[in-house]
Amino acid sequence: MFNEVILSGRLGKLEHLQLRGDPETDNCMCYFDVASSYYSKTTEEQYTDWIHCKMWGNLAKRFVNNAREGMLIEVKGYILSVIFDNP
């Protein structure tokens with residue numbers, strides 16, 4: 001089942017940011033992490049969630065060339081829910 005989401009946050013460390021696959025045919029992808037922070041009203045502390053993302057094709061090529069650590073970005077995509085049955 002797919003759910004459409006929009007994430008807003010800052011890019012994490014980009015030391016592993018590289019294209020995987022064949023960039024000549026746009027059959028490529030990259031991985032990156034987005035940090036999203038929020039405040040808890042009950043504990044009055046800041047928490048950060050790290051969301052692991054994957055980008056495909058021509059967008060991945062442009063992203064790898066232009067991404068900088070700490071950039072504020074918004075990502076529109078889908079969350080894939082996977083359910084595993086263990087006997």
Side-chain angles (χ1 to χ4, degrees):
M1 177 177 194
F2 287 100
N3 303 307
E4 186 175 85
V5 296
I6 297 175
L7 303 172
S8 179
R10 298 208 175 261
L11 285 175
K13 291 188 177 182
L14 299 177
E15 58 194 31
H16 300 294
L17 184 67
Q18 61 181 348
L19 280 177
R20 301 175 195 275
D22 185 12
E24 297 298 323
T25 62
D26 288 342
N27 190 12
C28 55
M29 61 169 296
C30 68
Y31 294 101
F32 60 95
D33 296 326
V34 177
S36 180
S37 299
Y38 62 94
Y39 291 95
S40 172
K41 291 182 181 179
T42 57
T43 61
E44 296 182 359
E45 292 183 17
Q46 180 179 357
Y47 296 97
T48 302
D49 288 333
W50 288 93
I51 299 100
H52 306 290
C53 301
K54 193 185 300 186
M55 191 175 289
W56 295 88
N58 194 28
L59 287 175
K61 290 194 301 190
R62 290 183 17 211
F63 183 78
V64 168
N65 291 332
N66 297 313
R68 301 292 174 258
E69 189 173 309
M71 284 179 78
L72 181 64
I73 64 167
E74 288 189 354
V75 180
K76 181 178 178 182
Y78 297 95
I79 293 178
L80 175 61
S81 298
V82 179
I83 300 173
F84 295 102
D85 286 335
N86 291 333

Shortest non-hydrogen contact between Leu72 and Ser8, atoms and distance: CD1-OG, 4.5 Å

Minimal non-hydrogen separation, Val64 against Gln18, with atom names: CG2-C, 4.4 Å

ILVMFWY network linking Met29 to Leu17, side-chain heavy atoms under 4.5 angstrom: no

Distance in Å, Asn66 CG paired with Ile73 CD1, rounded so as to fall on 0.5 Å steps: 12.0 Å

Side chain to side chain, Leu11 and Glu69, heavy atoms closer than 4.5 Å: no

Pairs involving residues 20-37, ordered by first then second residue, that meet side chain to side chain donor-acceptor pair (under 3.5 Å) (sequence neighbours left out): Asp22-Thr25, Asp26-Lys61, Asp33-His52, Ser37-Gln46, Ser37-Thr48

OH/Tyr39: more than 12 non-hydrogen atoms of other groups inside 6.0 Å: no

Minimum heavy-atom distance Tyr47-Ser40, with the two atoms named: CE1-CB, 3.5 Å

Over all atoms of both residues, closest heavy-atom pair of Leu59 and Met55: O-SD, 3.4 Å

